[in-house]
2 protein chains.
Amino acid sequence: MSMVKMGDPVMANQNVPQATAERLPLYYRTLQRLVAIGKTRISSSEFGGIVQIDSTTIRKDFSYFGALGRKGYGYDTQHLMEFLKKILYQDELSKVILIGVGHLGTALLNHNFQKNNNTKIVKAYDVDPLKIGTEISGTSVHSMDELETDDNREITAAILTVPAAHAQKAADLAIASGIHGFLNFSPTRLVLPQDAYVRHVDMTVELQALIYFLNHAMEERKS
Amino acid sequence: MSMVKMGDPVMANQNVPQATAERLPLYYRTLQRLVAIGKTRISSSEFGGIVQIDSTTIRKDFSYFGALGRKGYGYDTQHLMEFLKKILYQDELSKVILIGVGHLGTALLNHNFQKNNNTKIVKAYDVDPLKIGTEISGTSVHSMDELETDDNREITAAILTVPAAHAQKAADLAIASGIHGFLNFSPTRLVLPQDAYVRHVDMTVELQALIYFLNHAMEERKS
DNA sequence: GCATTTTTGTTAATTATTTCACAATGTTAA
DNA sequence: TTAACATTGTGAAATAATTAACAAAAATGC
């Protein structure tokens with residue numbers, strides 16, 4: 001009845017729940033792997049086994065984008081992968097910048113998300129004169145001052161890997177240069193305009209949460 | 001009525017929702033900061049402003065552990081911080097190991113969670129002969145072979161920063177040596193015994209989710 | 001070609017989480 | 001001391017997310 005109109009998949013997402021949206025990248029990468037090893041079809045339950053998510057949840061997640069599978073058959077991995085690629089905007093290159101070339105920043109520059117993703121760190125910024133002018137894995141490091149004057153309206157997001165004390169200041173500069181999205185690796189809670197969006201990656205929080213669950217939740221697990 | 005019995009705070013957690021538990025580390029760190037700058041009291045709404053979480057959610061979160069605040073006054077930052085410290089087991093040192101001394105592993109070793117947290121990376125493992133025997137920020141790097149024979153029953157968790165292809169193998173070794181908790185930075189979904197617990201930190205997923213939200217969710221934000 | 005099996009897509013039920021609303025109670029200031 | 005104020009803690013309501021259940025339909029095997 002309430003069949004979502006397909007065609008341009010990017011349009012088909014009025015009411016995708018946040019929880020669903022956050023699983024899409026995992027689905028996408030898993031499908032890339034499956035396609036790479038030559039698997040052409042997969043059922044929701046086999047797929048669920050791989051990503052460790054209940055098969056019903058997976059079918060429901062996909063259903064927000066229309067009917068992507070075939071009854072009695074499952075999903076065509078190639079087709080599904082390409083569909084998700086469009087949904088995730090991974091069919092066009094997303095340019096991002098990195099602010100803060102410390103150990104973590106360097107790690108991200110070396111990784112650079114390129115292997116399977118249409119995402120590229122195109123420029124890095126730091127305050128350290130020893131780093132400015134160098135190049136790490138093909139990305140050149142520039143002075144933070146340049147951030148102030150650069151026009152970054154074509155840049156999708158900034159990865160913030162500066163010390164906590166400088167995160168807000170760096171974010172302000174990035175906002176001023178035209179950036180709206182942030183992947184914030186510092187523990188600081190940024191204060192940003194309404195049209196900006198931040199995701200946090202907080203390793204200390206994750207480690208503490210892990211320790212908490214090990215000590216508490218685990219004790220009372222059914223068998 | 002259903003007042004939680006206090007005293008030993010660690011006992012007071014029959015039914016702490018997962019969502020609440022995952023916020024506790026953020027609360028804890030924020031309180032550390034507030035105490036450090038000399039703030040002695042805070043209301044749930046001021047606190048909520050800082051951590052960017054609705055004040056009702058904060059009060060409800062705290063309420064699972066009993067009555068921690070005072071009506072008409074708010075919360076005593078020092079007291080609350082110490083309470084959370086106990087809850088989070090941060091009053092005793094948690095020893096963790098790190099497996100995989102690449103760029104990211106090195107970044108984590110340098111950070112080492114020590115600044116405000118009672119958590120320490122006590123040993124690192126890698127397969128690279130050039131790294132084995134070295135020391136990074138006071139943590140010595142050992143051969144992966146040792147992991148097989150080490151007794152790590154005293155170790156709380158392992159941080160997995162190995163390439164995806166080796167993550168499962170490394171986790172198996174860690175399990176065999178007595179470890180139950182994992183902070184997995186590789187995209188691999190680990191297959192582990194029931195009494196083990198994993199948390200994922202997946203930067204590629206986070207970046208893709210960010211890009212997704214920027215392109216979709218953002219468009220239809222109320223004003 | 002037909003019966004059996006598989007598996008989707010979806011509605012309904014359940015569970016989890018957040019938010020509302022406000023009584024209860026301590027705090028503050030005069 | 002007392003009135004005005006601030007703020008918690010919490011039931012109840014609203015939202016969001018997951019899981020169950022199953023009809024519909026396609027695939028498979030004979």
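These numbers come from a predicted model, not from an experiment. Below, chain A is the first sequence line, B the second, and so on; all start at residue 1. Atoms considered below: every heavy atom in the structure, side chains included; atoms not considered: hydrogens, waters and symmetry mates.
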Report the distance from atom [atom1] of [X] to atom [atom2] of [N], rounded to the nearest whole Å.
X     : N      : atom1 : atom2 : result
B:I53 : C:dT18 : CD1   : C1'   : 12 Å
B:I58 : C:dT17 : CD1   : C1'   : 15 Å
B:E46 : D:dT8  : CD    : C1'   : 15 Å
A:Y64 : C:dG9  : OH    : P     : 13 Å
B:I42 : D:dT7  : CD1   : C1'   : 13 Å
B:D54 : D:dT15 : CG    : C1'   : 13 Å
A:D61 : C:dT10 : CG    : P     : 13 Å
A:D76 : C:dT8  : CG    : P     : 13 Å

key: Main-chain N/O of B:G100 paired to B:T161 side chain as donor or acceptor, under 3.5 Å   =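 Here the side-chain-to-backbone pair exists.
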query = Can you tell me if B:Q168 uses its side chain to pair, donor with acceptor, with the backbone of B:V191 under 3.5 Å?
reply =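 Present.
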ask   = Are B:F83 and B:F62 close enough that their ring centers fall under 6.0 Å?
value =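 When the ring centroids of B:F83 and B:F62 are compared, they turn out to be at least 6.0 Å apart.
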key: Aromatic ring proximity B:Y89/A:H216, centre distance under 6.0 Å   =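 When the ring centroids of B:Y89 and A:H216 are compared, they turn out to be within the sub-6.0 Å range.
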Tell me what [X] touches on the nucleic acid: a base, only sugar-phosphate, or nothing, going by heavy atoms under 4.0 Å.
X     : value
A:S44 : sugar-phosphate
A:S43 : sugar-phosphate
A:S45 : nothing
A:Y75 : sugar-phosphate

task = Give the intermediate values and the outcome of salt bridge (charged side-chain N to carboxylate O under 4.0 Å, His left out) for residues B:R23 and B:D61.
result = CA-CA 8 Å; B:R23 282 187 290 264; B:D61 283 345; 2.7 Å; yes
Quick one: which of [options] gets closest to the side chain of [X]?
X     : options                : answer
A:Y73 : D:dA17, D:dA27, D:dA20 : D:dA27
B:K71 : D:dA20, C:dT11, D:dT8  : D:dT8
A:R59 : D:dT18, D:dA21, D:dA17 : D:dA21
B:K60 : C:dG9, D:dT19, D:dA12  : D:dA12
B:T56 : C:dG9, C:dA21, C:dT17  : C:dA21

inquiry  = Looking at A:T57, I'd like to know whether one of its side-chain N or O atoms comes within less than 4.0 Å of OP1 or OP2 on D:dT19.
reply    =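 True: A:T57 side-chain N/O within range (under 4.0 Å) of D:dT19 OP1/OP2.
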key: Phosphate-side-chain proximity, B:R41 and C:dT28, N/O vs OP1/OP2 below 4.0 Å   =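 Checking B:R41 against C:dT28: at least one side-chain N or O falls below 4.0 Å of OP1 or OP2.
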key: Under-3.5 Å donor-acceptor pair between B:R70 side chain and C:dG26 base   =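 A donor-acceptor contact between them is absent.
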